[in-house]
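Since the structure comes first, as structure tokens, the remarks are kept for the end.
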Amino acid sequence: MRVTALGPIENLEMIEVDSQPLRPGQVRIEILACGLNYVDSLFIEGKYQVKPPVPYHPGSEVVGRVTEAADDVTTLSVGQRVFAPVGSGGFSSEAVVAAARALPIPDSLTDGQGATFMQSYLTAWFAFTERMEVREGMTMLVLGAGGGIGLAAVDVGVALGMRVIAAASSEDKRRLALDRGAFATIDVLTEDVKVRTRELSGGGVDVVYDPVGGDLAEPSLRALAPGGIFMVIGFVGGIPRLPANFVLLQNRSVVGVDWGYWVGRNPEGNARMIREVLGAIGEGRLNPVEPRIYPMSRAVEAMNDLKNRKVAGKVALVPVWD
Ligand SMILES: NC(=O)c1ccc[n+]([C@@H]2O[C@H](COP(=O)([O-])OP(=O)(O)OC[C@H]3O[C@@H](n4cnc5c(N)ncnc54)[C@H](OP(=O)(O)O)[C@@H]3O)[C@@H](O)[C@H]2O)c1
């Protein structure tokens with residue numbers, strides 16, 4: 001699937017192209033599922049900080065089965081199920097990737113889970129290992145905790161020993177966060193986030209993880225404990241203006257987290273993180289959600305459901321053209 005001009009997501013179209021020949025070191029995979037992320041719609045609309053060149057083929061993370069391997073490939077064999085961070089072009093029935101970038105995935109992981117963990121779990125892993133130092137028993141408020149990025153932060157935060165409060169708008173979303181170990185939840189539609197966070201944490205949280213922004217950012221900043229860290233992750237609710245006086249007071253910090261920028265400069269570090277996260281999933285320490293599945297031909301509907309806050313957890317597309 002592709003767009004030839006950045007703009008409304010309805011511009012997304014299905015096209016048929018010939019299969020690419022394999023070059024040395026490459027494998028061909030039949031795509032079984034592709035993760036759909038909020039940021040895919042931002043790319044298509046031209047609203048992301050970086051504009052992709054057109055024609056643009058969305059879809060950055062896939063699970064597939066190897067159907068062909070170049071003669072020199074020794075690490076993978078035909079029939080193996082692999083995860084591949086393709087970067088773009090995942091909304092497709094087939095991909096050609098460097099064998100070195102395709103990783104066999106644990107049998108315990110479904111196609112949908114394998115195709116939807118990377119962006120959300122790697123962002124959280126990067127945030128908690130490269131952008132701050134996690135201490136056992138820290139308290140953390142996660143906003144958008146039933147969305148892709150937030151839910152992964154709940155899971156990773158709990159696995160690293162944090163006590164997590166999950167803020168979300170629906171019962172379904174809060175349930176997913178509780179299932180991943182959050183000790184309390186806040187209904188963002190009916191409760192005061194600052195007041196409830198302070199009550200639930202016993203005075204203030206050590207960390208706020210914010211993929212939402214908008215009107216939720218300031219009350220969350222004000223719910224930080226002395227020395228607390230506000231992690232800026234995303235802006236689905238709008239880019240907030242944070243009052244500097246509440247950062248100064250009690251020595252708080254605001255920390256930007258830009259996983260994509262870091263990946264561009266640290267591909268090896270990111271490959272190591274993918275292996276670490278896959279290892280933790282294989283050992284059962286992390287539990288990616290089973291995504292809601294849509295046929296690829298309904299990608300626009302899937303994106304609209306995500307943008308309209310109708311999805312609890314993640315979305316994956318499967319190459320079915322109905
Ligand atoms: N910093 C990084 O390195 C990095 C990496 C990847 C993605 N991101 C960013 O993280 C953000 C979240 O992505 P995601 O994949 O988690 O998205 P998502 O799955 O759609 O979840 C976002 C959540 O935000 C909440 N929300 C509040 N106001 C909203 C609004 N006006 N529109 C839509 N959702 C709203 C919704 O939860 P409730 O209904 O519970 O309020 C929703 O579940 C995006 O901005 C993305 O670009 C950042």
Side-chain angles (χ1 to χ4, degrees), residues 9 35-50 52 58-61 85 87 115-132 141-156 165-178 182 185-191 193 208-217 219-220 230-240 254-266 270 273 277 288-289 291-292 294 302-316:
I9 53 178
L36 188 152
N37 293 299
Y38 192 94
V39 74
D40 293 325
S41 61
L42 296 179
F43 276 130
I44 293 171
E45 291 170 328
K47 290 183 179 166
Y48 195 69
Q49 291 94 316
V50 182
S60 58
E61 43 186 325
T116 50
F117 79 91
M118 185 187 72
Q119 184 177 112
S120 33
Y121 276 80
L122 270 287
T123 300
W125 201 264
F126 169 66
F128 300 143
T129 60
E130 297 285 331
R131 300 297 291 136
M132 64 167 280
L141 169 67
V142 177
L143 302 177
I149 291 287
L151 193 59
V154 174
D155 202 14
V156 174
I165 300 169
S169 68
S170 73
E171 186 66 41
D172 281 1
K173 292 179 179 182
R174 294 191 293 274
R175 169 57 47 203
L176 287 178
L178 287 172
T185 61
I186 296 175
D187 180 346
V188 291
L189 299 183
T190 60
E191 295 185 282
V193 169
V208 170
Y209 193 88
D210 180 14
V212 177
D215 294 342
L216 284 183
S220 306
F230 185 100
M231 307 206 89
V232 180
I233 308 293
F235 311 116
V236 289
I239 299 177
V254 176
V255 172
V257 175
D258 189 345
W259 168 66
Y261 175 87
W262 182 83
V263 172
R265 283 146 190 83
N266 297 276
N270 192 55
M273 278 193 193
V277 168
V289 67
R292 189 190 286 184
Y294 291 75
M303 278 187 212
N304 277 322
D305 285 351
L306 197 64
K307 285 159 70 83
N308 294 323
R309 301 165 76 172
K310 290 184 187 161
V311 177
K314 297 286 301 185
V315 171

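Hydrogens, waters and symmetry mates play no part in the numbers below; they use all other heavy atoms, side chains included. One-based numbering, in listed order, for ligands and for the atoms of each. Residue numbers count from 1 along this sequence. Here the structure is a predicted model, which is why all the values come from computation and not from measurement.
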At a 4.0 Å threshold, what atoms of ligand 1 neighbour a non-hydrogen atom of Asp258?
-> 3 (O)
Identity and separation of the nearest protein heavy atom to atom 2 (C) of ligand 1 = Val257 O, 3.5 Å
Passing candidate, side chain to side chain contact (heavy atoms under 4.5 Å, CB included) with Phe117, options Val289, Asp155, Val277 = Val277
Close N or O approach (Ser169, ligand 1; < 3.5 Å) | yes
One finds that the ligand 1 atoms under 4.0 Å from a non-hydrogen atom of Ala168 are 40 (O)
Would you mind checking which non-hydrogen protein atom is closest to atom 27 (C) of ligand 1, with the distance to 0.1 Å?
-> Val212 CG1, 3.5 Å
What's the spacing between Leu176 CG and Thr185 OG1 if we round to 0.5 Å?
-> 12.0 Å
Any Phe230 side-chain heavy atom under 4.5 Å of Val255 side chain | no
If we number the atoms of ligand 1 from 1 as shown, the ones under 4.0 Å from a heavy atom of Leu306 are 19 (O), 20 (O)
Side chains of Val263 and Met273: does their closest heavy-atom pair fall under 4.5 Å?
-> no
Would you say Asn37 contacts ligand 1, with heavy atoms under 4.0 Å as the rule?
-> no
Ligand 1 contact on Phe126 by region, counting heavy-atom pairs under 4.0 Å = neither
Give the contacting part of Lys307 toward ligand 1: side chain, backbone, both or neither, where contact means a heavy-atom distance below 4.0 Å.
-> backbone
Distance under 6.0 Å and angle within 45° of ring axis: Arg265 vs Tyr261 = yes
Here the atoms of ligand 1 under 4.0 Å from any heavy atom belonging to Phe235 are 45 (O)
4.5 Å side-chain heavy-atom contact, Val39 and Gln119 | yes
Identify the closest protein heavy atom to atom 3 (O) of ligand 1: which residue and atom is it, and at what distance?
-> Trp259 N, 2.9 Å
At a 4.0 Å threshold, what atoms of ligand 1 neighbour a non-hydrogen atom of Gln119?
-> 6 (C), 7 (C)
Residue, atom and distance of the protein heavy atom nearest atom 10 (O) of ligand 1 read Ile149 CG1, 3.7 Å
Evaluate the 4.0 Å heavy atom contact test for atom 46 (C) of ligand 1: does a protein atom fall under the cut-off?
-> no
Select the closest option to atom 19 (O) of ligand 1 among Gly148, Gly35, Gly214, Ala127, judged by heavy-atom distance.
-> Gly148
Can you sort out the partners of Tyr38 under ring-ring contact (aromatic ring centres under 6.0 Å, His included), two or more places apart, ordered by chain and number?
-> none
Nearest-contact summary for atom 36 (C) of ligand 1 - protein heavy atom, Å = Lys173 NZ, 3.8 Å
For atom 41 (O) of ligand 1, closest protein heavy-atom neighbour | Arg309 NH2, 2.8 Å
Count the heavy atoms of every other residue, nucleotide or ligand shown that sit under 6.0 Å from CG of Asn266, and state whether that count exceeds 12.
-> yes
Here the atoms of ligand 1 under 4.0 Å from any heavy atom belonging to Tyr38 are 13 (O), 14 (P), 15 (O), 17 (O), 20 (O), 44 (C)
Heavy-atom closest pair, residues Val142 and Gly150 = CG1-O, 3.4 Å
Within 4.0 Å of some non-hydrogen atom of Thr123, the atoms of ligand 1 are 2 (C), 3 (O), 4 (C), 5 (C), 6 (C)
Can you tell me how far OG of Ser169 sits from CG of Leu189, rounded to the nearest 0.5 angstrom?
-> 5.0 Å
What residue and atom, counting heavy atoms only, is the protein's closest point to atom 9 (C) of ligand 1, and at what distance?
-> Ile233 O, 3.9 Å
Tell me, do Pro58 and Phe43 make a side-chain contact under 4.5 Å, heavy atoms counted?
-> no
For residues Asn37 and Glu61, is any side-chain donor paired with an opposing acceptor at under 3.5 Å?
-> yes
Looking at CG of Asp210 and CG of Leu141, how far apart are the two atoms once the value is rounded to the nearest 0.5 Å?
-> 8.5 Å
Residue, atom and distance of the protein heavy atom nearest atom 22 (C) of ligand 1 read Val236 CG2, 4.2 Å
The salt bridge (charged side-chain N to carboxylate O under 4.0 Å, His left out) partners of Glu45 (sequence neighbours excluded) come to Lys47, Lys307
Any heavy atom of Asn308 under 4.0 Å from ligand 1? The part involved is neither
Can you list the atoms of ligand 1 that are under 4.0 Å from a heavy atom of Gly234?
-> 45 (O)
